[in-house]
There are 2 protein chains.
Amino acid sequence: MARARPTIADVAAHAGVSKGLVSFALNNRPGVAPQTRERILAIAEELGWQPSVRARSLSVARSFALGLVITRDPEIITSDPFYPSFIAGVERELSPAGQALVLSVVSNEREELASYRKLVADGRIDGAFITDLRHDDLRLGLVQELGLPAVTLGRPESRPGVSSIPAVAMEDAAGIEEAVDHLAGLGHRRIAHVAGPARMLHGSHRRQAFDTAMRRAGLEPDLVIETDFKAADGARATRHLLAGPDRPTAIVYANDPMAIAGLGVAQHAGLNVPGDLSITGFDGTDIGEHVYPALSTIVADPVRWGSAAARVLLRMIAGDPTEDVDLPPARFVRRKSSGPAPRTP
Amino acid sequence: MARARPTIADVAAHAGVSKGLVSFALNNRPGVAPQTRERILAIAEELGWQPSVRARSLSVARSFALGLVITRDPEIITSDPFYPSFIAGVERELSPAGQALVLSVVSNEREELASYRKLVADGRIDGAFITDLRHDDLRLGLVQELGLPAVTLGRPESRPGVSSIPAVAMEDAAGIEEAVDHLAGLGHRRIAHVAGPARMLHGSHRRQAFDTAMRRAGLEPDLVIETDFKAADGARATRHLLAGPDRPTAIVYANDPMAIAGLGVAQHAGLNVPGDLSITGFDGTDIGEHVYPALSTIVADPVRWGSAAARVLLRMIAGDPTEDVDLPPARFVRRKSSGPAPRTP
DNA sequence: CTCAGAGTCTATACCGGTTTAAATGCTGCG
DNA sequence: CGCAGCATTTAAACCGGTATAGACTCTGAG
């Protein structure tokens, strides 16, 4: 019969001391005689004692877990590479810290808020990641209201009150500007942007960066189509752009799946990429490297982003002072899908 | 000042009964007078009482959470669409059941086993999903040893002892056979297979299905290359196949990212797809639909798989009898990347 | 020699539920 | 009328930790 796992009381009994003292010893608290402490630790070791997260949770009112709520329509099978990588980065920090990651996937904003509330009400998490920031994001007020430590990915435009919500930001605008500069430098004048949803902060950031870079190059950023970041949207937007009267010679997409879909549409229409049309993506999925022609894109580092965000959040929960973190900006990587503008006929 | 949330003791005090009776009433246990029960429920409602998962966890020795351990190298940004969808399906069941999902991402098998152990030792989970089954999978013995309720995705080849590990299986072989039949029917004789890792059960299943279908069509399944499911592997395998002496006219890939990479390689080599080379994938990512030519592939339903697996696991934990579940088989979907075999020169 | 104070350690309450044994009240039967 | 038997309810233990007040050394200064 498997012996039940030892509790702190067993350790206390074996050591001939009280429970409380064992607790002190195990938590490196002062007030325990050095040799007693050692004896207790040795016995705990020998008995194979491990703390019960459950019991500790109840008594210290913490859960030793962090929460991530992802909002997306589950029916839409999207090969967004961000989350898997981001989560891997988060785990890398949590695991050694003895923390767990609680994941929730919901379909819409209503459920999203409800999910945060529920996770907190159930005492499942001690802190949360806020990803995919939106304009007037209700989650910022919510975590404040709930008193839930949180970190945002990217800087929110405004934080409620004298906020204590640190941001871990990666400047994605720089990459877009690089891409536009690159294209303009290749002689492109009609450059379009297939943007992400404007209500999402990174969607509009990238768009603003596009506008800025275009104006700086003396071009009018008038060919912009807003999408939902889905491959199908990218295809639709591309068809629309190519069917237009004065079609672009280059398209800057807000993510890789849309760029790849756009590439497909262009090729389907008989265009040569990059001969007739240059294309750039955003995110650096591994597939982009292998399509033909290889996709010029803007690469970020979601694994690192995850680690950084987790570190900030852990520090915050520990009560240490935190401040915003700036990660190295996303960089434009030239591959084969972008080239010189076609000679005007 | 925010009133602390009410405990069962508050409810008891307001109702003028004992804690124990409140607990009975709230859990629909017999032995409580109907009108007392109602009064208690009304007061609990009025006070906005919610059970404390933490306290309940400690006293009933359950965590009300399920675990998913994903093994993959975090540095490899892979756009595998399976997990996000699978998780969405799982969540759809867990959330209404008041259960949470604890996610762990690890880099290799050693960490994987350690992760299961840790999750159980910490009492974080009541059950686990076992995905990406391998031959002689150590996890089966482990969950048995740990007494951890578990469900496998797909049927393991053998289960330890008189196993109590139910499987939720989706017949993926059927799709591969359909694909081969389709290609053979179009006149292809040299059909290659870019397979997944042989140590993974679905990798070798798909390969077996390929062999079977080939033999049935009177063809020799001699062009098979084993890979690690990564896009880069797909590209490499394709280059190898195309450089060979007697190059194939069709390639069946074990997943979509590899197929898309293969498509890129073929096009890069100046081949027309499907004119010179037919290509099929596996998984039905949304991108496949939008590349040019649209990828013929085999579509599964990971969302449904997730829901089914979660249901089985929940039932198991509840102590209800469970049995294996068979989901509808993956189906071949013909799109544009497969066509008649080229006329032999 | 006494007493203050530091250093150790114990006893006990507490976190918020569940569970069990025992107490209470009521009904109906002999 | 007495008592078995049932339904209802209470009190208290328990899950496994943490936290706090107080008790018990021992030392050193006055």
Side-chain angles (χ1 to χ4, degrees), chain A residues 3-41 43-44 47-65 98 120-124 126 317-319, chain B residues 3-41 43-44 47-65 98-99 120-124 126 318-319:
Chain A
R3 196 158 43 259
R5 78 188 249 175
T7 72
I8 218 172
D10 298 321
V11 177
H14 277 74
V17 297
S18 69
K19 271 173 59 178
L21 196 62
V22 173
S23 175
F24 276 11
L26 292 167
N27 291 303
N28 289 321
R29 277 257 231 308
V32 183
Q35 88 223 37
T36 312
R37 177 188 308 269
E38 268 186 37
R39 187 159 44 93
I40 292 175
L41 293 182
I43 290 177
L47 294 178
W49 176 85
Q50 285 180 271
S52 154
V53 175
R54 279 177 195 145
R56 210 203 292 260
S57 282
L58 181 58
S59 88
V60 302
R62 296 211 353 198
S63 51
F64 306 100
V120 172
D122 285 354
R124 299 260 194 199
D126 299 329
I317 290 170
Chain B
R3 195 158 42 258
R5 80 188 249 177
T7 74
I8 218 172
D10 298 323
V11 176
H14 277 76
V17 298
S18 69
K19 270 172 61 178
L21 196 63
V22 173
S23 174
F24 279 2
L26 292 167
N27 291 301
N28 289 319
R29 278 259 231 308
V32 183
Q35 89 226 34
T36 312
R37 177 187 309 270
E38 268 186 38
R39 186 159 45 91
I40 292 174
L41 293 182
I43 290 177
L47 261 42
W49 176 85
Q50 285 180 271
S52 153
V53 175
R54 279 177 195 147
R56 211 203 292 260
S57 281
L58 180 59
S59 81
V60 302
R62 295 208 353 190
S63 51
F64 306 99
Q99 305 274 326
V120 171
D122 285 356
R124 298 262 194 196
D126 299 329

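Residue numbers begin at 1 in each chain, while the letters A, B, ... track the order of the sequences. From a predicted model like this one, the values you see are computed outputs, not experimental measurements.
- For the side-chain contact (heavy atoms from CB on, under 4.5 Å) test, residues two or more places apart in sequence or in another chain that qualify with A:Ala9 are A:Thr7, A:Lys19.
- In this structure, the separation between OG on A:Ser63 and CZ on B:Arg124 is 7.5 Å, given to the nearest 0.5 Å.
- For residues 29-40 of chain A, no pair satisfies side chain to side chain donor-acceptor pair (under 3.5 Å), with sequence neighbours left out.
- Nearest heavy atom pair, residue A:Pro30 against residue A:Phe24, reads O-CD2, 4.3 Å.
- Atom CG in B:Asp122 sits 7.0 Å away from atom CD in A:Gln50 (nearest 0.5 Å).
- A pairwise comparison of heavy atoms in B:Ala55 and B:Ser52 identifies N-OG, 3.0 Å as the closest pair.
- Here D:dG17 presents its P atom at 8 Å from CZ of A:Arg56, a figure rounded to the nearest Å.
- For the segment residues 8-18 of chain A, residues with any heavy atom less than 4.0 angstrom from an atom of DNA chain C are, sorted by number, A:Gly16, A:Val17, A:Ser18.
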Give me, pair by pair, the N or O atoms of the protein and of nucleotides 19-27 of chain D that are less than 3.5 Å apart, along with how far apart they are.
residue: D:dA19; atom: OP2; partner: A:Arg29; partner atom: NH2; Å: 2.1

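- Think of the region where chain A sits on DNA chain C: with heavy atoms and a 4.0 Å cut, that region ends 5' and 3' at C:dT8 to C:dG16.
- Scanning both residues, B:Ala65 and B:Gln99, for their nearest heavy atoms gives N-OE1, 3.4 Å.
- Contact of the B:Ile8 side chain with the B:Leu26 side chain is registered, since non-hydrogen atoms from C-beta on lie closer than 4.5 Å.
- A:Gln35 comes within contact range of no nucleotide atom at all, as no heavy-atom separation falls under 4.0 Å.
- With hydrogens and angles ignored, the 3.5 Å screen pairs a side-chain donor or acceptor of B:Arg54 with a backbone N or O of A:Gly123.
- Across the helix from C:dC1-D:dG30 to C:dG30-D:dC1, the helix axis at one end is tilted relative to the axis at the other end by 80° (nearest 10 degrees, each axis from five pairs).
- For B:Thr36 and D:dT8, the shortest distance from a side-chain N or O to OP1 or OP2 is not below 4.0 Å.
- Across all their heavy atoms, A:Ile317 and A:Arg62 have their closest contact at CG2-NH1, 3.6 Å.
- The heavy-atom pair separating A:Pro6 from A:Leu47 by the smallest distance is CG-O, 3.3 Å.
- When every heavy atom of A:Ile40 is checked against every heavy atom of A:Ala15, the shortest pair comes out as CG1-CB, 4.3 Å.
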